[in-house]
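Working notes, structure below.
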2 protein chains.
Amino acid sequence: MSKTLLYTWRMNEQNHIKIFTERDIGEQLRELGITPTQQRVQIAEILFARPQHLSADQILAVVNSNGPIASKATIYNTLGLFARKGLVREVIVDPNKVFYDSNTSEHHHFYNLDTGDLTDIVAQDVMITSLPELPGNTQPAGIDIIFRIRENDSE
Amino acid sequence: MSKTLLYTWRMNEQNHIKIFTERDIGEQLRELGITPTQQRVQIAEILFARPQHLSADQILAVVNSNGPIASKATIYNTLGLFARKGLVREVIVDPNKVFYDSNTSEHHHFYNLDTGDLTDIVAQDVMITSLPELPGNTQPAGIDIIFRIRENDSE
DNA sequence: CAGAGTTTTAGACAAAGTCTATTTGTCCAC
DNA sequence: GTGGACAAATAGACTTTGTCTAAAACTCTG
Ligand SMILES: [Mn+2]
Ligand SMILES: [Mn+2]
Ligand SMILES: [Zn+2]
Ligand SMILES: [Zn+2]
């Protein structure tokens with residue numbers, strides 16, 4: 001009944017990069033070919049403090065909470081750069097904003113439509129045993145599984 | 001190894017509504033408690049001509065291609081109404097726009113990052129055999145599975 | 001066919017994100 | 001260290017998608 005798996009969607013092998021300790025964020029960025037400017041280091045510190053999902057707006061607010069450090073353009077440039085380098089994952093679940101996920105290990109999401117909460121599901125808790133055939137001349141680039149949930153109408 | 005399924009994500013039982021034939025779109029809308037205005041009927045005719053994924057902008061362009069019939073506000077109002085009534089499904093795969101899917105049967109999507117093509121995958125071609133436990137006090141509202149793909153770099 | 005409620009509309013507005021031209025910072029050679 | 005080439009950051013204009021508002025146009029029922 002279950003199809004043969006013609007390809008795998010396990011993409012993120014870069015996850016080893018992310019055990020940033022306070023001191024060597026700069027070095028780690030440099031190893032990825034990213035010049036560690038003040039702005040990039042600050043954004044990285046916020047983002048990689050723990051696995052979390054932040055919007056560009058939230059990062060802008062946090063990074064500038066004690067005086068101006070980075071402009072909006074720099075936030076977007078940096079998040080785009082980090083995404084291309086595999087340091088963060090863009091999560092598209094809300095039509096209004098992109099979330100930047102500091103957890104790049106293979107995982108999925110619950111998205112609470114009532115609260116806006118986005119929470120991780122470890123990959124092992126979701127098992128796909130049958131995969132569709134890829135359209136001609138294409139290759140896998142990633143899989144997103146989003147379990148949309150709602151609060152119980154506790155009446 | 002596979003968990004017991006504590007709940008089901010099979011949500012869309014409304015799919016019987018959608019065999020719209022040219023003539024009785026109005027009646028069918030009325031049965032759903034939707035007053036069949038000229039604008040709503042035109043939008044429905046476009047959307048339900050076949051299973052497809054259209055953005056609000058595309059629908060606006062098509063509906064007004066031979067003279068002005070509906071305003072931008074009406075397009076958004078109508079799509080929102082149709083979504084609430086279960087006539088269309090909102091598909092969130094692109095950070096720039098929502099797609100309105102006239103296919104409300106249970107299915108998933110390929111999203112081609114290079115071309116922007118969004119194509120359907122019948123539910124039976126993707127089999128999930130293990131489900132995560134729901135966060136406390138929440139209920140399932142829908143599942144989205146998106147296989148992001150890219151064109152083969154045919155060198 | 002009146003009038004109450006519903007729907008549509010133009011255009012103002014908002015939010016997220018991009019772009020541009022200029023300034024500032026970084027890096028390396030000397 | 002200093003000059004200069006290149007990279008990065010910045011303010012703010014701009015774009016796109018979508019929402020809101022208040023007035024006008026419809027629809028439906030009595
Ligand atoms: Mn939006
Ligand atoms: Mn956008
Ligand atoms: Zn996550
Ligand atoms: Zn679809």
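Per chain, numbering begins at 1; letters A, B, ... match sequence-line order. A quick note: this is a predicted structure, and the numbers were derived from the prediction, not measured.
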- Message: Show the nearest heavy-atom pair for residues Val126(B) and Ile121(B), with the distance to one decimal.
- Response: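 For Val126(B) and Ile121(B), the tightest heavy-atom pair comes out as CG2-CG2, 3.8 Å.
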Could you go through residues 35-44 of chain B and list every donor-acceptor pair under 3.5 Å that involves a side-chain atom there, pairing it with any protein atom two or more places apart or in another chain?
from: Thr37(B); atom 1: OG1; to: Arg40(B); atom 2: N; distance (Å): 3.2
from: Arg40(B); atom 1: NH1; to: Thr35(B); atom 2: O; distance (Å): 2.9

- Query: Taking for each residue the nucleotide of DNA chain C with the nearest heavy atom, is it Asp57(A) or Thr78(B) whose nucleotide lies nearer the 5' end?
  - Reply: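 It is Thr78(B) whose nearest nucleotide is closer to the 5' end.
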- Item | Interface limits on DNA chain D, where chain B has a heavy atom under 4.0 Å of a nucleotide atom |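 Terminal contacting nucleotides, 5' to 3': dT17(D) to dC28(D).
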Show every donor-acceptor pair shorter than 3.5 Å between a side-chain atom in residues 53-70 of chain B and any protein atom, with sequence neighbours excluded, or say none if there are none.
from: His53(B); atom 1: ND1; to: Leu118(B); atom 2: O; distance (Å): 3.2
from: His53(B); atom 1: NE2; to: Asp101(B); atom 2: OD2; distance (Å): 3.1
from: His53(B); atom 1: NE2; to: His109(B); atom 2: NE2; distance (Å): 3.2
from: His53(B); atom 1: NE2; to: Asp120(B); atom 2: OD1; distance (Å): 2.8
from: Ser55(B); atom 1: OG; to: Gln58(B); atom 2: N; distance (Å): 3.2
from: Ser55(B); atom 1: OG; to: Gln58(B); atom 2: OE1; distance (Å): 3.4
from: Gln58(B); atom 1: OE1; to: Ser55(B); atom 2: N; distance (Å): 2.8
from: Asn64(B); atom 1: OD1; to: Ile69(B); atom 2: N; distance (Å): 2.7
from: Asn64(B); atom 1: OD1; to: Ala70(B); atom 2: N; distance (Å): 2.9
from: Asn64(B); atom 1: ND2; to: Ala70(B); atom 2: O; distance (Å): 2.7
from: Ser65(B); atom 1: OG; to: Val62(B); atom 2: O; distance (Å): 2.7

For [X], enumerate each residue passing the side chain to side chain contact (heavy atoms under 4.5 Å, CB included) test, keeping only those at least two apart in sequence or located in another chain.
X: Ala83(A); answer: Val88(A), Glu90(A)
X: Thr115(A); answer: Asn112(A), Asp117(A), Glu151(A)
X: Thr119(B); answer: Phe110(B)

- Task: Strictly below 4.0 Å, heavy-atom distances to any atom of DNA chain C: list the hits from residues 33-43 of chain B, or just say none.
- Result: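 Only Thr35(B), Thr37(B), Gln39(B), Arg40(B) qualify.
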- Item | Contact list for DNA chain D against residues 63-70 of chain A - heavy-atom distance below 4.0 Å |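 Those residues whose heavy atoms fall under 4.0 Å from DNA chain D, taken from residues 63-70 of chain A in numerical order, are Ile69(A), Ala70(A).
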- Query: If you measure from CG on Asn152(A) to CD1 on Ile149(A), what distance do you get to the nearest 0.5 Å?
  - Reply: 9.5 Å
- Report the distance from atom CG of Asp114(B) to atom CZ of Arg150(B), rounding to the nearest 0.5 Å.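 Nearest 0.5 Å value for the CG-CZ distance: 5.5 Å.
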- Message: Which residues pass the salt bridge (Lys or Arg N to Asp or Glu O under 4.0 Å) test with Asp94(B), not counting sequence neighbours?
- Response: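 Testing Asp94(B) for salt bridge (Lys or Arg N to Asp or Glu O under 4.0 Å), a comparison that skips the adjacent residues, returns Lys97(B).
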- Task: Between Pro95(A) and Ala73(A), just flag the one whose closest nucleotide in DNA chain D comes earlier from the 5' side.
- Result: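 Its nearest nucleotide lies further toward 5', so the answer is Ala73(A).
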- Message: For the backbone of Leu87(A) and the side chain of Thr104(A), can you confirm whether one donor and one acceptor N or O come within less than 3.5 Å of each other?
- Response: no
- Return yes if some donor-acceptor pair links the side-chain N/O of Thr138(B) with the main-chain N/O of Leu134(B) below 3.5 Å, else return no.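 No: the side chain of Thr138(B) does not pair with the backbone of Leu134(B).
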- Message: Reading DNA chain C in the 5' to 3' direction, which nucleotide is the first one with an atom under 4.0 Å from a heavy atom of chain A, and which is the last?
- Response: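 So the contact region on DNA chain C extends dA16(C) to dC27(C).
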- Task: Return each pair, listed once, that meets salt bridge (charged side-chain N to carboxylate O under 4.0 Å, His left out) where at least one residue sits in residues 137-147 of chain B; pairs must be two or more places apart or across chains.
- Result: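 Qualifying pairs: Arg148(A)-Asp144(B), Arg89(B)-Asp144(B).
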- Item | Pair listing, ring pair (Phe, Tyr, Trp, His ring centres under 6.0 Å) test, anchored in residues 75-103 of chain B, at least two apart | none
